[in-house]
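Everything numeric here is computed off the predicted structure, so don't read it as measured data. Lettering of chains follows the sequences in order, A, B, ..., and the numbering in each one begins at 1.
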Protein chains: 2
Amino acid sequence: MKFSTKGRYGLKAMFDLATHHGNGPITLKNIAQRQDISEHYLEQLIATLRRAELVKSVRGAQGGYMLNHPPEEITVGEIIRSLEGPVGPADCVIDADSDECRNQESCVTRLVWARIQESVNDVIDSTTLADMLEDQERINNKKNYMFYI
Amino acid sequence: MKFSTKGRYGLKAMFDLATHHGNGPITLKNIAQRQDISEHYLEQLIATLRRAELVKSVRGAQGGYMLNHPPEEITVGEIIRSLEGPVGPADCVIDADSDECRNQESCVTRLVWARIQESVNDVIDSTTLADMLEDQERINNKKNYMFYI
DNA sequence: TGAATTCCAACTAGTTTAGTCGGAAATATT
DNA sequence: AATATTTCCGACTAAACTAGTTGGAATTCA
């Protein structure tokens with residue numbers, strides 16, 4: 001029930017881009033170093049994010065990557081789904097026409113998976129990169145407060 | 001972000017046992033046939049469930065398996081965790097002392113994983129096998145109603 | 001031109017998944 | 001006592017997936 005490094009690194013990278021949003025292109029190298037991710041591996045992930053039009057790139061020297069939309073308009077759900085595919089605990093609730101379950105209509109187990117899926121979707125679709133930036137602010141304020149008392 | 005067949009088959013098998021609760025031991029063969037699962041594979045899963053004391057077994061001819069507690073007292077969470085291990089989208093929220101995240105305290109990404117984990121736990125820990133039996137009743141009633149109109 | 005950087009495709013070691021296989025031990029039935 | 005049924009146990013395995021690595025081409029800035 002874990003996400004793979006695709007989703008986990010991908011969200012980290014996108015959050016990194018969000019913190020630098022508006023500052024021009026950020027190189028993969030910088031993101032990879034800050035987030036402690038293999039640069040070449042991250043390259044693959046960000047290629048996916050680019051194809052999903054969540055980031056845009058500038059090629060050549062002084063190039064790099066930027067968010068393709070403001071942080072308020074990018075959800076965690078979009079990021080994760082672009083990298084991991086549709087989210088859900090079992091195929092029968094992921095693919096509408098999965099043939100795994102012979103009796104989709106009357107399968108009680110499926111109801112449980114559907115509830116899990118719904119609750120995960122609620123979280124990831126209601127959280128934007130802007131929300132994460134706010135969380136970061138709160139954490140920083142708290143840390144400073146702790147430091148000064 | 002899917003569960004493996006361990007958790008998925010395991011819940012199906014446990015629900016099967018719940019529907020036959022009180023009727024004496026049920027053979028693995030029967031469960032496997034009804035739920036369309038490889039008998040030998042299910043054997044491994046039910047061994048785990050037995051060690052977790054969620055089912056008890058009766059050996060020998062006319063033997064089989066039974067729930068070790070009434071359906072009201074067995075949660076989906078217990079079943080899934082016994083088979084899949086602790087649930088969560090990333091190690092940093094699964095193992096308390098994961099060394100994956102260098103800055104656990106101030107990691108915003110981790111907050112997102114924690115919210116996902118919490119919402120999944122809410123669902124699986126608040127659903128018992130008895131709840132699933134009730135769901136089954138509701139589905140059956142609805143089907144009969146649809147049939148007679 | 002040279003350095004920095006993105007873009008692209010192929011390869012790979014290790015792990016996990018979803019089983020299979022063969023047989024030993026226990027118990028009810030005949 | 002013999003037999004059939006059933007759980008219990010441990011080892012094996014093909015295929016897929018994960019988390020990368022490698023090598024180089026294309027683009028752009030200085």
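- Under the 3.5 Å distance criterion, the side-chain polar atoms of Gln117(B) are left unmatched by any main-chain donor or acceptor of Pro89(B).
- Remark: Thr5(A) is not in phosphate contact with dT18(D), judged by side-chain N or O atoms under 4.0 Å from OP1 or OP2.
- Following rounding to the nearest Å, Arg51(B) (CZ) and dC8(D) (P) show an atom-to-atom distance of 10 Å.
- For Gln44(A) and dC17(D), the CD to P distance is 15 Å, given to the nearest whole Å.
- Using a 4.0 Å cut-off between charged nitrogen and carboxylate oxygen, Asp135(A) and Arg110(B) do not count as a salt-bridge pair.
- Of the side-chain N and O atoms in Thr27(A), none sit less than 4.0 angstrom from OP1 or OP2 of dA4(C).
- Counting non-hydrogen atoms under 4.0 angstrom, Leu28(A) reaches the backbone sugars and phosphates but no base.
- Remark: Glu39(A) CD is packed, more than 12 non-hydrogen atoms of other residues, nucleotides or ligands lying under 6.0 Å away.
- Considering only side-chain N and O atoms, Ser38(B) lies nowhere under 4.0 angstrom from the phosphate OP1 or OP2 of dA18(C).
- Dashed line: the shortest gap from a side-chain N or O of Tyr9(A) to OP1 or OP2 of dG20(D) is under 4.0 Å.
- His20(B) places a side-chain N or O within donor-acceptor distance of the main-chain N or O of Asp16(B), the cut-off being under 3.5 Å.
- Nearest heavy-atom pair across Ala18(A) and Leu67(A) is CA-CD1, 3.7 Å.
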Distances for protein N or O near nucleotides 28-30 of chain C N or O, under 3.5 Å:
unit_1  : atom_1 : unit_2   : atom_2 : d
dA28(C) : O4'    : Ala61(B) : O      : 3.4

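- In this structure, Ser57(A) reaches the dC7(C) phosphate: one of its side-chain N or O atoms is under 4.0 Å from OP1 or OP2.
- Taking the nucleotide of DNA chain D with the nearest heavy atom to each of His40(A) and Lys6(A), the more 5' of the two is matched to Lys6(A).
- Per the geometry, CD belonging to Glu43(A) stands 15 Å off P belonging to dA10(C), to the nearest Å.
- Between Lys2(A) atom NZ and dT16(C) atom C1' there is a gap of 11 Å when expressed in whole angstrom units.
- Taking only side-chain nitrogens and oxygens, Arg8(B) never comes nearer than 4.0 Å to OP1 or OP2 of dT17(C).
- Here the closest non-hydrogen pair linking Thr128(A) and Pro71(A) is CB-O, 3.6 Å.
- Note: CG (Leu45(B)) to P (dT17(C)) measures 12 Å, nearest angstrom.
- Both Tyr65(B) and Glu39(A) sit near DNA chain D, but only Tyr65(B) has its closest nucleotide nearer the 5' end.
- Summarising the geometry, the separation between CG on Leu42(A) and P on dG20(D) is reported as 11 Å, rounded to the nearest angstrom.
- If Glu84(B) and Arg50(A) are placed on DNA chain C by their nearest nucleotide, the residue sitting closer to the 5' end is Arg50(A).
- The CE atom of Met66(A) sits 11 Å away from the P atom of dT6(C) (whole-angstrom rounding).
- Per the geometry, CE belonging to Met1(B) stands 18 Å off P belonging to dT16(C), to the nearest Å.
- Leu129(B) pairs with exactly one of Val76(B), Thr19(B), Thr75(B), Ile79(B) by the side chain to side chain contact (heavy atoms under 4.5 Å, CB included) rule, that one being Ile79(B).
- In this structure, Trp113(A) and Phe3(B) have tilted ring planes: the angle between them lies in the 30° to 60° band.
- Proximity of Tyr41(A) to the phosphate of dT18(D): no side-chain N or O atom is located under 4.0 Å from OP1 or OP2.
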